[in-house]
Amino acid sequence: MKVTYFQQLPYRRLPDDFGLRHESVVTTPYHDLVSPEGARATFGDAMEELMHAARAGFDALAVTEHSQTSFDVCPNPDLLAAALAYATESEGLETAIYPLGRSLGKSREPLRVAEEQAMLDCMTGGRLICGFPIGLAYDANINNGVPPIQTRSRYEENLELVLRAWTAREPFTFNGTFSQHRAVNIWPRPLQDPHPPVWITATGNPRTMEHILRSGFGFNYFGWFGARLTGPRIFRRFGDIADRLGVAFNPYRIGFMQVIAVAENDAQAEALYGRHVEYFFRNAIGAMPLHRLMLPGGIDPRGVEALLTDPGDTGVYANMRTATYRELVEAGCVIAGSPDSVTEQLTEISREFGFGNLHAMLQFGSLPTALAKENIDLFAAEVLPRLRGVWEDENHPHHWWPQRLGGAPALDAAPVATAGGTR
Amino acid sequence: MTDTGSAVRQVEVWGGRLDLRLRVRGRGPALAYFPSIGTPADDPLVALLAEEHTVHIVEFPGTSAGDPYAVHALDDLWDVVLAHEEALRTAGLAGAVAVGHGFGGMLAAELAASFPDLFSRLVLLAPIGLWEDEAPVADWLSAPAEELPGLLFATPPEPVTGDSDPKAAVAAAVAAVWAMGCAGKFVWPVPDRGLDKRLHRITAPTLLLWGEADRLNPVSYAKRFAHKIAGSTVTTLPDCGHAPQWERPTDTHRVVSTFLGEVRIEGLDAGGNRTS
């Protein structure tokens, strides 16, 4: 198992009743709520935690992209990744740098994404992993003005341009619907051959899953909606599609993000982390109304019909704004407890869902840096070592990881038709 | 003229890449009707207009039943205008009266500005297409569903209660959501694609009709449309929101038919034929 330290950049000083007093966390008023010290600390704290995790032995540092919001003040994860690239390289830390969410459905400058990430690959000496989600509606459509009905087609075209820009040996002309370039000849090109591993984060849309499998990319799924509720549905669906396409099962093709809180025992976990867990879910995902996550045209009619008739993919989302710590634990939104308990739970869902990459979210919401470091340390010392061997007995090659860090050569885009995808 | 009853015409346009559908109602001179987007059925004004006209309800690409992906054939507003112009001429509707509401009103205005000979008369019910920072057009695409009635009506109707077919309700919701997405493709995020620069090209006699309590597309835009369209007239309805054809259909019909009648006096008979 590869274990990533997953970090967002929340503004940690919102009032406790923020979720009840404000329409959403993506329309947060700035000057009413933010102090200069708080804004500055957002970045200093996150960098400190990320570097702490790198030194503690995590396999990668993952960051995400969200504009105009207080739950993840990171409009461009490549900026953060650049700082991490230099810092880890200069300390000799063999960890991957993983901008896990650079939304290509949102991007109006895809060539800049290709250039920035090629730079990062050079700066890290080939330790870059790239995540290209399609994009959340509030960000791609409301913040960036992309018509919802064009998010996916823009994403597809942008991804094609990024991959061509990285791999083309000669300059080429790109005549797209959304971008036109007379001559694409980016400097630098990525170090990794043919390019850094590509991962797509998705929420359960079968069409996206099929695209991921056909393209040979990795599939990331986030467990915020309650892993115990949504995980079985989502990963069964992914496995079924893999079966249909004849793509062989490989746990390293799948990444799973989980909020984790480790303490001496369950009671201490609740005492230490309870209110910070509640802060995160109430003031982040829970404070994003559905009409800002799903805009007309952004979801295919068949998808809208599926959501209206069976909203199971959204788990506990509807009640998240007032959810209690215990409800969140019960739904699997957070896995908390002693190192033994957390290890056992993570091992169990890893085998059940079939994921070979865990993105451990160990800082969440208002959790202060000192406590986040305790969580990181306890996890790194007592949980992480026991997760590493989860899939070792099956000898799957990890095609979705940088070769410098032990990854196998990349797969061809066309999936190899062998055994079925489910276990 | 013979009563066409209720028929559907399908017109192949855009080099064979798009079938544009027209629902046909009533009898009389031809009238092209550009409905507001997301309207589940013909509004009451259609039935009233159909008493004196052959109303061709132009279904926006992507909103026709069973053909949601037709919208992908058109990339931008210029594609939309050209495809509709092709369809109207192919269907023999050049020279017809045009009536449009909201997004449909904007489309009718764009057609009339691009092809000044296309319509004999133009009726625009609260058309979108202009933008002033002081009077923002409401963000209907990202508004929560429960807020839409308040945007559309001065006095929102009571929600329908009682037994309803859940499957039909889901199908209707899916269609309405997708239709909004189809319109959003061409006006998101700000419904200003430069119509203001083109309105002066409209030569058809034009009526602008607006609800005075329009919370989606403020009535102040009526003046700006009127200023740009030479010889246009403005009528506003008190206590009426963005959808006068739904909220005040009889009054709306009276104003529209009076306008069309006045235009007839200027040179066309009741059948729409030139008298001179």
Side-chain angles (χ1 to χ4, degrees), chain A residues 22-27 67-69 105-106 108 135-157 175-180 207 287-311 317-318 321, chain B residues 36-40 60-80 103 131 138-148 151 164-193:
Chain A
H22 293 274
E23 184 263 356
S24 82
V25 76
V26 295
T27 51
S67 289
Q68 306 203 81
T69 176
K106 169 187 176 182
R108 290 177 176 275
L136 291 175
Y138 92 84
D139 208 6
N141 308 136
I142 297 177
N143 290 342
N144 230 33
V146 171
I149 207 168
Q150 287 182 326
T151 308
R152 183 172 286 268
S153 49
R154 181 180 287 270
Y155 165 81
E156 288 168 354
E157 181 181 305
N175 180 21
T177 302
F178 306 106
S179 300
Q180 289 186 317
R207 188 174 159 197
M288 270 187 230
L290 202 57
H291 66 273
R292 298 197 179 279
L293 293 175
M294 298 177 185
L295 263 59
I299 303 174
D300 182 273
R302 288 169 299 187
V304 176
E305 186 180 352
L307 282 167
L308 290 175
T309 50
D310 176 11
Y317 162 78
R321 201 179 279 236
Chain B
S36 55
I37 280 294
T39 303
F60 192 73
T63 68
S64 296
D67 193 17
Y69 304 123
V71 66
H72 297 323
L74 305 172
D75 286 334
D76 54 32
L77 188 59
W78 186 226
D79 287 359
V80 171
F103 177 83
W131 181 267
D139 184 3
W140 45 270
L141 202 65
S142 71
E146 60 272 19
E147 287 181 13
L148 287 175
L151 289 176
S164 61
D165 177 2
K167 273 191 176 173
V170 166
V174 169
V177 166
W178 186 247
M180 289 169 69
C182 291
K185 180 173 182 177
F186 305 101
V187 290
W188 177 265
V190 175
D192 179 358
R193 293 293 180 276

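The chains referred to below are lettered A, B, ... by the order of the sequence lines, with proteins before strands, and numbering in each begins at 1.
Residue L307(A): no heavy atom, backbone or side chain, is found under 4.5 Å from chain B. For a residue to count as touching a neighbouring chain, one of its non-hydrogen atoms must lie under 4.5 Å from one of that chain's; by this rule Q150(A) touches chain B with the side chain only. Proximity to chain B (any heavy atom under 4.5 Å) is shown, for P301(A), by both the backbone and the side chain. Only the side chain of Y69(B) has a heavy atom closer than 4.5 Å to any heavy atom of chain A. With a 4.5 Å cut-off on non-hydrogen atoms, V71(B) touches chain A through its side chain but not through its backbone. Neither the backbone nor the side chain of A169(B) comes within contact range of chain A; no heavy atoms are under 4.5 Å apart. For P144(B), the parts lying near chain A are the backbone and the side chain together; criterion is any non-hydrogen pair under 4.5 Å.
Within the 4.5 Å cutoff, the side chain of W178(B) has heavy atoms near those of the I149(A) side chain. You'll find the side chain of V146(A) stays beyond 4.5 Å of the side chain of W188(B), heavy atoms only. Side-chain contact check for D139(B) versus E147(B): every heavy-atom pair is 4.5 Å or farther apart.
Counting only distance, with no hydrogens or angles, the side chain of T63(B) and the backbone of F60(B) share a donor-acceptor pair below 3.5 Å. Side-chain atoms of R152(A) never come within 3.5 Å of backbone atoms of G298(A) as a donor-acceptor pair (strictly under, hydrogens ignored).
Remark: R302(A) engages D300(A) in a salt bridge, criterion side-chain N to carboxylate O under 4.0 Å.
Each of D76(B), L77(B), V80(B) was checked for a side chain to side chain contact (heavy atoms under 4.5 Å, CB included) with R193(B), and the lone residue meeting it is L77(B).
The greatest number of non-hydrogen atom pairs below 4.5 Å with chain B, out of P148(A), P147(A), P296(A), is found for P296(A). Listed options M294(A), E305(A), H291(A), R292(A) were ranked by heavy-atom pairs under 4.5 angstrom with chain B; first place goes to H291(A). When the candidates V170(B), L141(B), V190(B) are compared by the number of heavy-atom contacts under 4.5 Å with chain A, L141(B) comes out ahead. Listed options S153(A), G145(A), P289(A) were ranked by heavy-atom pairs under 4.5 angstrom with chain B; first place goes to G145(A).
From R207(A), atom CZ reaches atom CD1 of I299(A) across 12.0 Å, with rounding to the nearest 0.5 Å.
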